[in-house]
Number of protein chains: 2
Amino acid sequence: MKGKSSIKEISELSGVSIATVSRVINQNGRFSKDTEKRVRKVIKEMNYQPNAVARGLRKSKVQAVGIIVPDITNEFFAQVTLNLQNDLSKMNYPAFICNTREDSEIERKNLDMLKALQVSGLIYISGAFSDDKETLSVPTVFIDRKPPFNSSNNHNIVLIESDNEQGGYLAATELLSSGCSNIGMITFNRSRSTHYNRYMGYKKALSESGIVPDENMVIEAENSDPVSGYHSFKSLIEKNPHLDGLFCSSDVLAIGALQAIHEIGMKVPESIKLVGFDDISTTALPGISITTIRQSTASFSSIAVKILVSMMNEVNDEPENKQFVLPVELIRRKSTQMVLTREITDEAPL
Amino acid sequence: MKGKSSIKEISELSGVSIATVSRVINQNGRFSKDTEKRVRKVIKEMNYQPNAVARGLRKSKVQAVGIIVPDITNEFFAQVTLNLQNDLSKMNYPAFICNTREDSEIERKNLDMLKALQVSGLIYISGAFSDDKETLSVPTVFIDRKPPFNSSNNHNIVLIESDNEQGGYLAATELLSSGCSNIGMITFNRSRSTHYNRYMGYKKALSESGIVPDENMVIEAENSDPVSGYHSFKSLIEKNPHLDGLFCSSDVLAIGALQAIHEIGMKVPESIKLVGFDDISTTALPGISITTIRQSTASFSSIAVKILVSMMNEVNDEPENKQFVLPVELIRRKSTQMVLTREITDEAPL
DNA sequence: GTGAAAGCGCTAACAC
DNA sequence: GTGTTAGCGCTTTCAC
């Protein structure tokens, strides 16, 4: 009854050798239908569960994966992580989730722990992976952010990301088409592929519509959080009092900016229009209602897990240098609504 | 150079037996200063890291802990989990974080995986732990929510929670002292000790100030999220048009309620005052500024980890039925500000 | 179709 | 103070 039994106990109770029990459990090698039935019965009766650690020692790798994530306190990352964890769990892979807080020291340490635990695979969400010389010893999938490798080392990298440039492009286009002509942007860390590409998309949209992008209308936030968004907007509006449109490289920045906007007495969408990125839950709240770019976090996860599992299972350790760019979607909300009459106010019912 | 070496290799290179190497690594047994120095040198040179899986097999438990959490997408839980993970990592315990989505099926499965991996300890955050008959096989700490055991089984339980009743009491008292007389409450799942106690504190404060608690002014939200808070407020205000104070059992509920409040043309704090619970980041935003009850998530974590580690290390498997109730703190913000003049408006600068 | 046995890397007696 | 050795529970040749 207690789940404490070992394969030896099962073999004795079912009158076969431990080798055969192992074959049944792993569905490899040969055994008769009859034997299988008997063994399965005992396993069930004893509520036996194979010891994953012993198996891990024998196979030199444990059936588990490590997930490296900057900060699960950020709803976007939390969502991605949650999906990954669910999908992995369905394939019977438990996940070690490691927060790095963008600290390469912590990242290093977590990586060491994961290595000592012999995880079978790794998923990097927006990771720094600063350790250039380190060769990836286990199958690894990168999500959201391109690892800053020198291309020479780059065998066997899988990258899954959104079409960030298209996202930036859609965002700026939405602002343009809803009538804005002075469109600013709050970015974050343009040294990262993610945010750099969003910025490029923004510039592209402006250029295409005949506007010369002005670097004075772009500000780089210090952190990716509402407080930084708040301060960035304050700076930006000071330099550009005629701002009538704003694209923020993430929703948390947009939320901070929105507060600043209200505070100085401007109205969204009447006096300024706003677009964010990520589609976190807060943006959907009635009364906040920020137009944003939705990334398909569910697809991130399902693709990542599917590929990772196949890399972990197959002997196929072949370089399968793959790159996935997922489409993004504009979620149109009140913050970019055209204002024709006075019917839209804070007090109006939904 | 590669971190692929084994204890055997280290022993050969340093000219001692593997037993001695093991002793040095684990700092137990005896060895000469000189030997230690030599062994350490080789370990460093080879960049050797002990195989945690082999050790785990030998010791019948792996140096890692499992964390069971309902939903890391909820900022409050994310914060607690993040702290736990950091504190555990400092003690060299990697953490398996498992989201249950409040689904006992998933919880069961995660528990099985963790057991197969032989984790040394378990932390339940607000867990259902529905499985009454299951005896805890490893040291376990419960955070936030009392497990619904029958007391007979209750050896060896550690529970860490906030003083939720005091929190509810502080919240209602704040509303009373800022002039409210019709104070409603949005609760969530009062079958849980956490929310039940907040509700009790609320009732206590009302009673003490001579108000008879009216069950019509209390509504139980379907989920713990803004949408539920929004709808709950709509129902509540319909039944109680004179409501001038509202206590929400969590901040996410309060945020939803706030939207509903704005939508029907009421003003916070002018026409209704509001208090939440948890102190998640959104409540602190300028323009939102919801008074709330702060729980010391950092203390949750440090206490939990300290106790768990001691339980995991010591042979002391003794029943140490411990219970910690941590103080909470009222964070006073604009949503409960007394309004004497017209100086406080939405448009006022910070 | 099945069993015997080696061994994954480590810890913990037990010897000396 | 140090070495030898027996497993921990499992997978996987290699026999038969």
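Note that the coordinates shown come from a computational prediction; the quantities given were computed from them, not determined experimentally.
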| task | Report which part of the nucleic acid B:V53 touches: base, sugar-phosphate, or nothing (heavy-atom distance under 4.0 Å, all strands). | result |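 No contact.
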| query | What nucleic acid atoms does A:R30 come within less than 4.0 Å of, heavy atoms only: base, sugar-phosphate, or nothing? | reply |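 Answer is base: heavy atoms of A:R30 come under 4.0 Å of a base.
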Between the main-chain N or O of [Y] and the side-chain N or O of [X], is there a donor-acceptor pair closer than 3.5 Å?
X: A:S89; Y: A:N86; answer: no
X: A:T194; Y: A:D144; answer: yes
X: B:K61; Y: B:V138; answer: no
X: A:Q118; Y: B:V53; answer: no
X: B:N26; Y: B:N28; answer: no
X: A:K115; Y: B:Q49; answer: no

Nearest-Å distance for atom pair [atom1]/[atom2], residues [X] and [N]:
X: A:I25; N: D:dT12; atom1: CD1; atom2: P; result: 12 Å
X: B:L117; N: D:dC10; atom1: CG; atom2: P; result: 13 Å
X: A:N26; N: D:dT13; atom1: CG; atom2: P; result: 13 Å
X: A:Q118; N: C:dC10; atom1: CD; atom2: C1'; result: 12 Å
X: A:N28; N: D:dT13; atom1: CG; atom2: C1'; result: 12 Å
X: B:Q49; N: C:dG9; atom1: CD; atom2: P; result: 14 Å

| message | Counting only heavy atoms and a strict 4.0 angstrom limit, can you tell me which residues of residues 31-44 of chain A come near DNA chain D? | response |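 Contacting residues: none.
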| query | Can you list every salt bridge (Lys or Arg N to Asp or Glu O under 4.0 Å) pair that touches residues 78-93 of chain A, not counting sequence neighbours? | reply |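 Pairs touching residues 78-93 of chain A that pass the test: A:D87-A:K90.
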Between the protein and nucleotides 4-8 of chain C, which nitrogen or oxygen pairs are less than 3.5 angstrom apart?
residue : atom : partner : partner atom : Å
C:dG7   : N2   : A:R58   : NH1          : 3.3
C:dC8   : O2   : A:R58   : N            : 3.4

| task | Just compare C:dG3, D:dT12, D:dT2 and give me whichever is closest to any side-chain atom of A:T20. | result |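 Nearest to the side-chain atoms of A:T20, counting from C-beta on, is C:dG3.
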| query | Should A:Y48 be listed as having a side-chain N or O under 4.0 Å from OP1 or OP2 of D:dC10? | reply |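 For D:dC10, OP1 or OP2 has a side-chain N or O of A:Y48 closer than 4.0 Å.
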| With sequence neighbours excluded, residues passing side-chain contact (heavy atoms from CB on, under 4.5 Å) with A:D71 |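 A:T73, A:N74, A:N99, B:L82.
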| task | Could I get the full list of side-chain contact (heavy atoms from CB on, under 4.5 Å) partners for A:S193, not counting sequence neighbours? | result |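 If we apply the side-chain contact (heavy atoms from CB on, under 4.5 Å) test to A:S193, skipping adjacent residues, the hits are A:R145, A:K146, A:E161, A:N197.
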| Single hit among B:V69, B:I106, B:L114 for side chain to side chain contact (heavy atoms under 4.5 Å, CB included) with B:C98 |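 Looking at B:V69, B:I106, B:L114, the match for B:C98 under the side chain to side chain contact (heavy atoms under 4.5 Å, CB included) is B:L114.
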| task | Would you jot down, in residue-number order, the residues of residues 6-14 of chain A having a non-hydrogen atom under 4.0 Å from DNA chain C? | result |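 None, since no heavy atom is under 4.0 Å.
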| For the residue pair A:L57 and B:A54, what are the closest heavy atoms and their distance? |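 The answer is CD1-CB, 3.6 Å.
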